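Single-structure report; data block below.
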Amino acid sequence: ESINASIVGSIDELAEYQILLSKKYTYIEIKEIKDIFESFDWVNYASPNYMMRVDPSYTPNDSKWKNKWEDIPDGNNWGMEAIDAPGAWEYKDELSDVNIGILDSQFDVNHEDLIFSEKPLYNDRALKNDEIKWDNHGTHVAGTIAATFDNKKGVTGVSIHTNLYGVSVEGLETQKYQSMQGWNIAFNYLIAKKKCKVVNVSMGYDQISFEASKGEKVATEALNEWSTQIGNFLKILIDKKYSFVICASSGNQNKVTKKNVKYLYFRKDANDPL
């Protein structure tokens, strides 16, 4: 009331509230408001709802994933061979079911080689949005993790006894950017509501990550702020005795375009241009 703000969203079971300010503030003023909230002993933490543009990892468009490893793992299931998943599958009768959650672009729920325990959260919203272009990244990642085992179709995922859940980040946010609060909603859905023990995030923020890798101060501070506040939220889930592990992609790209100029994260060899 003192700043004429209102509550516009909440995760009630975690006492997590999203507050909309009534007018525009500078970033410094918003940080000062945050400090006021955190001065109360009944507030665990407060943070601006940071926004970043998400960049899904690149997926080859080959129709059958034609990979050639000469005399070592190749074919459609080469990844499973590379990590020796068959060695673990020898104990398949001793493996228990596991709930796995995926944060990704969007999912083909009618794919013949995928079985979701329920319709991925906000997936329909993404598919019905004409401004969002369909891509198969989420479906591909879901297949790598949990394509149905022993069904004589397609490939096999790493996990063979899986209750599969998903969240479409493109449906979660109607803009081109992803918000921290949106990620909180996704983590709460997968971890607290669906009891997922594993959550996979195969997405990246190429532009800001590239700038941070080169020591750019604003980008580095932004990533630190984002990770700190996401960490604060995940700590709430840990304190409530939820156990989980988050798997993140390391990234597939070595270049980023900035002001129509292509830059490389690193040089592959001496002939590679900077």
Side-chain angles (χ1 to χ4, degrees), residues 6-20 47-57 59 99-111 114 116-146 163-209 222-223 225-234 236-237 242 244 246-249 251:
S6 56
I7 295 175
V8 295
S10 66
I11 303 176
D12 293 336
E13 58 269 31
L14 300 180
E16 176 91 1
Y17 299 99
Q18 186 174 14
I19 297 172
L20 178 65
S47 168
N49 188 22
Y50 296 104
M51 306 283 285
M52 289 189 185
R53 186 186 294 273
V54 66
D55 302 297
S57 298
T59 302
N99 291 9
I100 297 179
I102 304 174
L103 271 70
D104 219 290
S105 53
Q106 41 192 282
F107 307 91
D108 180 2
V109 296
N110 297 314
H111 195 287
L114 287 175
F116 285 90
S117 294
E118 66 180 44
K119 189 175 295 185
L121 189 67
Y122 297 115
N123 196 56
D124 284 348
R125 188 179 180 189
L127 299 180
K128 292 176 182 178
N129 188 336
D130 294 334
E131 297 180 0
I132 298 176
K133 182 180 179 181
W134 163 257
D135 73 77
N136 66 354
H137 188 266
T139 305
H140 166 68
V141 170
T144 300
I145 294 171
N163 301 312
L164 187 61
Y165 298 90
V167 176
S168 168
V169 293
E170 291 183 349
L172 185 63
E173 305 283 359
T174 56
Q175 308 173 57
K176 294 180 179 179
Y177 293 82
Q178 308 304 322
S179 75
M180 189 178 66
Q181 181 67 5
W183 281 59
N184 290 351
I185 291 172
F187 283 133
N188 181 67
Y189 168 77
L190 294 174
I191 297 170
K193 293 188 176 181
K194 300 305 169 184
K195 307 298 188 293
C196 290
K197 296 296 185 181
V198 180
V199 176
N200 187 83
V201 184
S202 291
M203 296 179 294
Y205 300 97
D206 293 338
Q207 188 72 53
I208 195 169
S209 297
L223 287 178
E225 283 278 358
W226 183 281
S227 61
T228 296
Q229 300 309 330
I230 290 292
N232 286 335
F233 182 80
L234 294 177
I236 293 175
L237 295 175
Y242 293 106
F244 56 91
I246 295 177
C247 301
S249 60

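Predicted, not measured: the structure shown is a model, and the values here were computed from it.
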To the nearest 0.5 angstrom, please state how far the CG atom of Leu14 sits from the CZ atom of Phe233. 5.0 Å

Ring-ring centroid check Phe107 Phe116, cutoff 6.0 Å: yes

Just verifying a value: how many Å separate Lys193 NZ and Leu190 CG, rounded to the nearest 0.5 Å? 11.0 Å

Report the distance from atom CG of Leu234 to atom CZ of Phe244, rounding to the nearest 0.5 Å. 4.5 Å

Rounded to the nearest 0.5 Å, how far apart are CD1 of Ile208 and CG of Leu223? 4.5 Å

Atom pair CD1/CG of Ile100 and Asn200 - distance to nearest 0.5 Å: 8.5 Å

Between Ile11 and Tyr17, is there a side-chain heavy-atom distance shorter than 4.5 Å? no

Are Val201 and Asp104 packed together at the side-chain level, in the sense that at least one heavy-atom pair is separated by less than 4.5 angstrom? no

Shortest non-hydrogen contact from Cys196 to Gly101? SG-N, 3.5 Å

Is any side-chain heavy atom of Ile145 closer than 4.5 Å to one of Val198? no

Side-chain heavy-atom pair Asn188, Glu16 within 4.5 angstrom cut-off: no

Are side-chain heavy atoms of Ser179 and Glu173 found at a separation under 4.5 Å? yes

Do Gln229 and Tyr50 have side-chain atoms, one donor and one acceptor, less than 3.5 Å apart? no

Does any non-hydrogen side-chain atom of Asn123 lie less than 4.5 Å from one of Gln106? yes

Between Glu170 and Asp135, is a side chain to side chain contact (heavy atoms under 4.5 Å, CB included) present by the stated rule, with each step listed? CA-CA 11 Å; Glu170 291 183 349; Asp135 73 77; 3.6 Å; yes

Do Asp108 and Asn136 touch side chain to side chain, with heavy atoms closer than 4.5 Å? no

Report the C-alpha separation of Met203 and Gln178 in whole Å, then their side-chain angles, then the decisive distance to 0.1 Å, and conclude whether the side chain to side chain contact (heavy atoms under 4.5 Å, CB included) test is met. CA-CA 11 Å; Met203 296 179 294; Gln178 308 304 322; over 6 Å; no

Within a radius of less than 6.0 Å around NZ of Lys195, do more than 12 heavy atoms belonging to other residues, nucleotides or ligands occur? yes

